[in-house]
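This report concerns only the one structure given below.
Chain letters run A, B, ... following the sequence lines, proteins first and then strands; every chain starts at 1.
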There are 2 protein chains.
Amino acid sequence: MSKPSVGGGAKTRPTMRHVAALAGVGIKTVSRVMNEEPGVSESTREKVLLASKQLNYELDVTAGSLRRSSRRTQTVGLLLPSVSNPFSAEIHRAMEDALSLKGVAVFAASLDDEPEREEAMVRAFLGRRVDGMVLTPIASNQAHVIPEHSRDLPVVFIDREPAGLTADAVVTDNAVGGAKAARHLFDVGHRKIAYLGDRTDIQTARERRRGFIDALGELGVSTASVPVRENLHDVESARLAAVEILTSDDPPTALFSSQNLVTFGCMRALRELGLSHTVALVGFDDFTLSDMMDPGVTVIAQHPEKIGALAAERLMARIEGDIQPPKTYIIETTLIIRGSGEIRPAS
Amino acid sequence: MSKPSVGGGAKTRPTMRHVAALAGVGIKTVSRVMNEEPGVSESTREKVLLASKQLNYELDVTAGSLRRSSRRTQTVGLLLPSVSNPFSAEIHRAMEDALSLKGVAVFAASLDDEPEREEAMVRAFLGRRVDGMVLTPIASNQAHVIPEHSRDLPVVFIDREPAGLTADAVVTDNAVGGAKAARHLFDVGHRKIAYLGDRTDIQTARERRRGFIDALGELGVSTASVPVRENLHDVESARLAAVEILTSDDPPTALFSSQNLVTFGCMRALRELGLSHTVALVGFDDFTLSDMMDPGVTVIAQHPEKIGALAAERLMARIEGDIQPPKTYIIETTLIIRGSGEIRPAS
DNA sequence: CTGAAAGCGCTAACAT
DNA sequence: ATGTTAGCGCTTTCAG
């Protein structure tokens with residue numbers, strides 16, 4: 001008799017040795033059965049399966065990965081601005097749907113746009129031997145974030161492209177999205193459209209502005225005359241900026257906001273000033289109940305479910321050995337018309 | 001010279017042995033330093049730290065847990081209805097904030113209210129040796145969900161109390177919340193208030209209804225006359241039910257909805273029928289932009305951040321050895337007045 | 001088709 | 001204060 005005590009086994013979790021002992025086979029045979037490897041006779045297989053069921057045995061994924069040549073842990077890390085941000089949460093869900101089918105579990109973490117957290121969480125996940133990571137980059141250079149010895153660890157960037165290294169990335173077409181907003185408002189008749197944007201150190205915000213301003217320029221609007229307010233990071237700062245712009249001399253007849261919280265601030269400002277039905281508004285990124293607002297809010301919608309699904313697919317492909325050159329996948333936006341963006345300028 | 005090849009070390013990740021070799025000490029000394037154990041001279045400590053920094057060494061948490069007596073992996077599992085559901089996502093974030101401080105990583109998974117997924121994900125997390133789990137229970141009996149051999153694994157239930165076993169739980173005071181809605185609408189003058197609720201197999205929905213109906217009874221309203229519509233699981237079914245109720249003979253003068261999606265359906269029905277300012281509405285659970293609706297939506301707010309923080313605290317306490325009897329922690333709701341719930345009945 | 005022995009990276013239990 | 005040996009649960013290698 002070896003160690004597995006049959007009697008008092010309420011405390012210790014069963015191991016392969018327990019199963020092997022109960023089934024009357026060698027431990028390697030159990031391993032083969034649990035991993036569905038070939039080379040086990042049907043009768044042995046059934047004996048092992050029975051014993052495993054009796055003991056309620058569950059393979060220890062992490063212990064196995066220690067010795068396994070592929071070293072896979074069937075685990076990936078997901079680093080988001082915040083797990084409670086709706087856009088991020090939608091990406092998270094889409095990834096989970098794709099990954100859980102493959103038996104891959106996901107570690108999630110929030111970075112709050114803090115570079116120190118980015119580095120700390122990357123290390124934390126690396127220390128837990130993830131097979132790969134999906135990361136919303138923050139630091140100005142990801143080369144320092146990923147340690148040298150893990151350069152070959154599959155990483156897919158989302159929302160923003162990485163700097164300082166090349167890797168797969170899945171991003172929204174922010175510039176084209178901004179341009180769509182500009183063209184739509186122009187088509188409705190607007191010539192003086194203000195831009196209210198997020199922190200200028202965030203790549204996506206810069207892209208949205210660039211696309212927006214460039215498109216206006218192409219349409220013949222003097223880009224120097226476009227009112228621009230940036231570094232608006234929350235509802236209140238956006239509201240204040242919008243009020244200021246709307247109460248200035250020669251105010252714009254339309255607003256384009258680069259992000260949800262900024263859009264909310266603009267909505268509040270417009271309502272407060274009684275301009276909801278007078279000044280047009282297009283927001284970047286869709287949100288729940290946008291159609292229940294008065295007026296409904298026209299938006300440039302992103303597609304987080306597509307981003308998440310594609311990121312998961314690319315990550316798994318890399319983990320499974322795909323070595324094609326890194327590529328950036330671009331997800332288009334969709335203009336959704338709901339009313340606020342179709343208000344014509346008072347002429 | 002032992003195995004660690006100094007030259008070509010771009011591919012293999014450094015291990016303790018590499019660090020030990022470089023620092024010229026034994027492997028156990030490295031272990032002591034990395035785990036901040038006492039009994040290492042300051043000078044040795046620094047040598048080790050230097051070598052570890054040079055190699056960019058990172059402790060392998062999972063490998064260590066294999067041999068460690070506590071067997072802790074510094075990892076916990078979180079099972080939610082969906083990571084993309086705002087209420088769940090808020091709980092997730094609060095837990096993460098509490099746990100990341102302690103160096104604990106979290107696996108998150110969505111269950112979609114499917115008992116099979118509950119069991120599958122519990123097993124997946126168990127197989128990755130989590131130190132504990134926070135779980136929104138679904139199956140009618142959690143005894144079958146947690147295998148016998150893991151009965152001593154700390155588990156904290158959230159949102160709903162477990163069945164078939166006793167464990168810590170952190171839940172909203174659903175019954176009192178429902179009662180608050182009833183009393184508020186009664187105080188405003190309503191005597192005929194409809195209840196629109198979620199699936200009756202969900203404990204929280206039943207509690208909200210019970211609290212609501214009982215409170216009305218105590219206030220002298222004939223509970224038999226309360227219009228009740230249940231098993232509304234999405235916006236559209238709720239909208240249809242609300243329209244039906246509102247267009248019936250002798251319609252209610254106020255609505256109480258047990259959940260966000262149902263509230264949204266009610267809002268749509270009221271708007272569609274032009275009754276937004278005529279029929280009162282109180283929703284259970286707060287939501288973004290509720291104050292920007294017309295009228296603002298009065299709600300019984302839950303406090304997911306409190307639930308998450310407390311669940312994390314209880315889980316860590318259990319993991320660290322707390323053995324007091326299991327207890328259910330109840331988080332109170334808050335009535336937030338915004339307009340829709342203060343509409344008086346047309347008399 | 002099956003199993004014994006070695007060892008993954010680490011910590012425990014003992015040396016020294 | 002430091003190092004050595006064994007072994008966590010598993011997979012690999014290699015011998016039957």
Side-chain angles (χ1 to χ4, degrees), chain A residues 2-4 9 11-48 51-52 55 57-75 126-129 149-150, chain B residues 2-4 9 11-21 23-48 51-52 55 57-75 126-129 131 149-150:
Chain A
S2 49
K3 216 181 300 165
K11 207 81 194 171
T12 8
R13 189 192 173 104
T15 74
M16 263 190 188
R17 254 183 278 276
H18 295 87
V19 178
L22 182 60
V25 300
I27 175 179
K28 176 67 233 203
T29 300
V30 179
S31 170
R32 273 192 266 260
V33 173
M34 300 316 292
N35 290 289
E36 303 186 344
E37 281 170 30
V40 181
S41 75
E42 194 47 43
S43 65
T44 319
R45 221 183 105 73
E46 276 171 16
K47 265 194 305 187
V48 171
S52 130
L55 295 175
Y57 171 74
E58 186 76 23
L59 234 193
D60 186 324
V61 185
T62 47
S65 77
L66 210 50
R67 191 65 167 80
R68 199 188 338 265
S69 54
S70 78
R71 312 242 335 128
R72 290 214 203 130
T73 55
Q74 300 281 81
T75 299
L126 252 24
R128 283 175 181 77
R129 298 287 123 103
H149 58 68
S150 295
Chain B
S2 50
K3 214 181 303 165
K11 207 80 194 171
T12 9
R13 192 191 170 103
T15 75
M16 263 190 189
R17 254 184 277 278
H18 294 88
V19 178
V25 300
I27 176 177
K28 178 69 230 201
T29 300
V30 179
S31 171
R32 273 191 267 261
V33 172
M34 299 316 291
N35 291 288
E36 302 184 348
E37 281 171 30
V40 181
S41 76
E42 194 48 41
S43 63
T44 321
R45 222 183 104 74
E46 277 170 15
K47 265 195 304 187
V48 171
S52 130
L55 296 175
Y57 172 75
E58 186 76 19
L59 233 192
D60 187 323
V61 185
T62 48
S65 78
L66 211 50
R67 191 64 169 82
R68 196 184 343 260
S69 53
S70 78
R71 310 240 336 126
R72 287 211 206 136
T73 56
Q74 301 280 81
T75 299
L126 251 24
R128 284 176 181 75
R129 298 288 123 105
D131 296 334
H149 56 70
S150 294

Going from CD on A/E58 to CZ on B/R128, what distance comes out if it is rounded to the nearest 0.5 angstrom?
9.5 Å

Would you mind telling me which of D/dT2, D/dG9, C/dT2 lies closest to the side-chain atoms of B/T44?
D/dT2

Under 4.0 Å from OP1 or OP2 of D/dA1: is there any side-chain N or O of B/S41 that close?
no

Taking protein heavy atoms under 4.0 Å as touching, what does nucleotides 10-16 of chain D look like 5' to 3' if B marks base contact, S marks sugar-phosphate-only contact and - marks none?
BBB----

Of B/V40 and B/R71, whose closest DNA chain D nucleotide lies nearer the 5' terminus?
B/V40

Rounding to a whole Å, what distance do you find between B/L66:CG and D/dG9:P?
7 Å

Could you grab the distance from atom OG1 of A/T29 to atom CZ of A/R45, nearest 0.5 Å is fine?
12.5 Å

To the nearest Å, how far apart are A/R45 CZ and C/dC1 P?
13 Å

Side-chain N or O of B/T29 less than 4.0 angstrom from OP1 or OP2 on D/dG3?
yes

Flag the pair B/R71 / A/R13 as yes when at least one side-chain heavy-atom distance between them is below 4.5 Å, and no otherwise.
no

Could you list the donor-acceptor pairs under 3.5 angstrom formed between side-chain atoms of residues 61-69 of chain A and any protein atom two or more places apart in sequence or on another chain?
unit_1: A/T62; atom_1: OG1; unit_2: A/D60; atom_2: OD1; d: 2.8
unit_1: A/S65; atom_1: OG; unit_2: A/T62; atom_2: O; d: 2.8

Do B/L59 and B/M16 come close enough that some side-chain heavy atom pair is under 4.5 Å?
yes

Evaluate whether atom CD of A/E36 has more than 12 neighbouring non-hydrogen atoms of other residues, nucleotides or ligands under 6.0 angstrom away.
no

